[in-house]
Protein chains: 2
Amino acid sequence: MATGAILDAAQEVFSRSGLEGGSLRAIARRAGCDPALIYYHFANKEALFLALVDRRLPPLGADLERLAADPGPGNLETRLWAVLETFRRHLGEDLGFRTLLRGQVAQGTDSVRNAVEHHLRRIATPVSQILCQGMASGEVRKDLDPLLTTFFILRMHLEILDLFPSLGGRLTGMRGPRALEQARRTWLEFVLRALAPPSPPEVRP
Amino acid sequence: MATGAILDAAQEVFSRSGLEGGSLRAIARRAGCDPALIYYHFANKEALFLALVDRRLPPLGADLERLAADPGPGNLETRLWAVLETFRRHLGEDLGFRTLLRGQVAQGTDSVRNAVEHHLRRIATPVSQILCQGMASGEVRKDLDPLLTTFFILRMHLEILDLFPSLGGRLTGMRGPRALEQARRTWLEFVLRALAPPSPPEVRP
DNA sequence: CGCATAATTCAACATCTGTTGAATTTCCCG
DNA sequence: CGGGAAATTCAACAGATGTTGAATTATGCG
């Protein structure tokens with residue numbers, strides 16, 4: 001039994017029931033092994049959760065760093081949409097994992113929060129760099145805090161992924177499979193209006 | 001033992017440990033009664049949670065409806081800040097309750113989601129009305145979905161309240177007791193830029 | 001007081017929880 | 001095949017969980 005198989009099972013169980021609600025016995029049952037085996041591979045429940053995060057977040061951070069390092073031909077809208085799409089690819093299908101992670105950041109143990117914070121910094125930094133590049137090219141107004149703005153952009157995008165299917169869609173009346181993408185697009189337009197400098201931008205590619 | 005005392009205890013316990021994690025025995029201990037008494041006043045754990053929501057959210061909705069019904073002398077910025085302040089007054093000190101509520105909306109039982117959705121509709125409607133009034137007065141661009149925009153404004157504001165103390169502040173380097181209010185102010189300015197109509201607004205009060 | 005009714009507690013149910021130390025199986029290498 | 005190490009299981013701990021039916025206490029009223 002590879003540790004990866006246990007992580008797979010842990011991800012499914014934690015995603016459905018949360019960190020406290022998901023039991024090691026349920027994970028072991030899904031992985032097809034004894035609960036005690038989990039303690040052979042991981043020190044305890046918390047270490048199991050952190051291993052899950054360690055497996056999941058670094059690839060996202062790496063993709064974002066690649067996006068920030070290569071300005072490419074696109075304008076700001078194209079680049080930010082690529083950021084949002086990267087998030088959707090990595091975390092889009094996993095409401096449970098996102099909820100789990102957010103819950104631990106907001107209310108988790110200090111040790112868990114510290115461990116997760118390190119990953120989140122690696123995720124936020126490249127996006128804020130993209131914003132700074134936009135400031136340099138005149139596409140973004142210069143009186144913004146790049147990291148706080150990054151927090152706005154990314155966190156609301158995740159909120160759309162989390163809540164729009166169950167809540168936002170029913171409140172706004174937007175339905176169907178395209179509704180989610182439309183809401184994300186609308187959010188990006190909202191962001192671009194807020195980022196735009198006071199005077200029309202001079203294109204300097 | 002009034003049902004209100006049990007609700008007080010339930011709020012504290014659920015806020016700290018969540019719906020599944022918070023035990024009826026812990027609630028009873030804090031309320032100073034036997035666990036079985038809770039079943040005399042409430043059908044089960046879920047009904048207890050819904051009674052908590054029923055006690056907490058309607059006053060917020062009522063305050064917002066008052067804000068929407070009385071345009072007053074203020075401009076859009078003043079009115080939206082009043083909305084955010086109303087949220088802060090009602091829910092600002094209670095991270096646990098906000099987390100609990102959001103978790104149930106995102107991943108709760110269908111019956112819980114339906115019950116909560118009704119309250120949220122009463123909260124979102126007056127804010128979207130304020131946006132519509134802004135459209136009529138030329139302060140807000142007219143090509144926006146009022147409810148989706150309301151979702152953006154309110155949800156991100158709650159995210160700031162939830163995550164900024166533990167995460168946002170440490171990522172951005174903003175510290176101290178004024179940092180939270182500054183972040184909320186920054187968010188409002190962000191929103192106002194995104195709402196502003198293309199041409200400078202004609203003031204028609 | 002006496003009594004009906006409301007409020008509260010007791011005791012128990014079966015089941016689940018994270019964790020651990022010892023016992024067992026599986027595997028690989030000589 | 002032999003043996004040592006790695007992988008896996010067993011059994012148990014002490015306690016918590018939501019819920020319920022019966023038993024008990026408190027309350028209000030005539």
Side-chain angles (χ1 to χ4, degrees), chain A residues 1-55 96 99-101 103-104 107-113 115-116, chain B residues 1-55 96 99-101 103-104 107-113 115-116:
Chain A
M1 167 90 32
T3 78
I6 293 180
L7 283 177
D8 291 342
Q11 174 157 289
E12 293 186 40
V13 171
F14 284 152
S15 289
R16 184 176 310 118
S17 314
L19 223 196
E20 308 223 2
S23 77
L24 292 174
R25 280 173 171 84
I27 295 171
R29 210 178 305 132
R30 182 170 296 265
C33 71
D34 192 90
L37 181 59
I38 300 180
Y39 283 87
Y40 181 77
H41 290 289
F42 304 94
N44 49 34
K45 206 182 183 183
E46 180 178 308
L48 178 59
F49 167 73
L50 289 179
L52 209 58
V53 175
D54 267 347
R55 188 178 70 158
T99 304
L100 179 60
L101 199 64
Q104 292 307 310
Q107 286 191 301
T109 318
D110 280 357
S111 61
V112 172
R113 273 223 311 266
V116 172
Chain B
M1 168 88 32
T3 77
I6 293 179
L7 283 177
D8 291 342
Q11 174 156 289
E12 292 185 41
V13 171
F14 283 152
S15 289
R16 184 177 308 118
S17 314
L19 225 194
E20 308 224 1
S23 77
L24 293 174
R25 280 173 171 84
I27 295 171
R29 210 177 306 130
R30 181 170 295 263
C33 70
D34 192 89
L37 182 59
I38 300 179
Y39 283 88
Y40 180 75
H41 290 289
F42 303 94
N44 49 35
K45 206 182 185 184
E46 179 178 309
L48 177 59
F49 167 74
L50 289 180
L52 211 58
V53 176
D54 266 346
R55 188 176 69 155
T99 304
L100 178 60
L101 199 64
Q104 292 307 310
Q107 284 191 304
T109 318
D110 280 356
S111 61
V112 173
R113 273 223 312 266
V116 172

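Just so it is clear: chains get the letters A, B, ... in the order the sequence lines come, proteins before strands, and each one is counted from 1.
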- Query: Any sub-3.5 Å donor-acceptor pair from B:Gln11's side-chain atoms to B:Gly96's backbone N or O?
  - Reply: no

- Query: Is A:Gly22 touching bases, backbone alone, or none of the nucleic acid, heavy atoms closer than 4.0 Å?
  - Reply: sugar-phosphate

- Should A:Ser23 be listed as having a side-chain N or O under 4.0 Å from OP1 or OP2 of C:dC16? no

- Note on the structure: Here the distance between atom C1' of C:dT8 and atom CE of B:Met1, to the nearest Å, is 9 Å

- Calculate the interatomic distance between B:Ile6 atom CD1 and C:dT9 atom C1'; express it in whole Å. 13 Å

- Query: Whole-Å distance between D:dG18 P and B:Phe49 CZ?
  - Reply: 15 Å

- N/O (side chain, A:His41) to phosphate O (OP1/OP2, D:dA7) under 4.0 Å: no

- Message: Which is more 5' along DNA chain D, the nucleotide nearest A:Cys33 or the one nearest A:Arg25? Just name the residue.
- Response: A:Cys33

- Query: If you measure from CG on B:Leu101 to CZ on B:Phe49, what distance do you get to the nearest 0.5 Å?
  - Reply: 5.5 Å

- Measure the distance from CG on B:Asp34 to P on D:dG18 and round it to the nearest whole Å. 13 Å

- Item | Nearest-angstrom distance from the residue atom CZ of B:Arg29 to P of D:dG18 | 11 Å

- Query: Any idea which heavy atoms bring A:Ala51 and A:Phe42 closest together, and the distance?
  - Reply: CB-CE2, 3.7 Å

- Query: Just how far is it from atom CD1 of B:Ile27 to atom OG of B:Ser17, taken to the nearest 0.5 Å?
  - Reply: 9.0 Å

- Taking only N and O in the side chain of B:Tyr40, is any of them less than 4.0 Å away from OP1 or OP2 of C:dA7? yes

- By nearest-nucleotide position on DNA chain C, the 5'-leaning member of B:Gly32 and A:Ala26 is B:Gly32

- Item | OP1 or OP2 of C:dT20 under 4.0 Å from side-chain N/O of A:Tyr39 | no

- Quick one: B:Glu20 CD to D:dG18 C1', roughly how many Å, whole number? 12 Å

- Message: Can you measure A:Phe42 atom CZ to D:dA7 atom P for me and round it to whole angstrom units?
- Response: 13 Å

- Item | Rounded interatomic separation in angstrom, taking CG from A:Leu37 and P from C:dC27 | 14 Å

- Query: So, do A:Val53 and A:Val112 sit near enough that their side-chain heavy atoms are less than 4.5 Å apart?
  - Reply: no

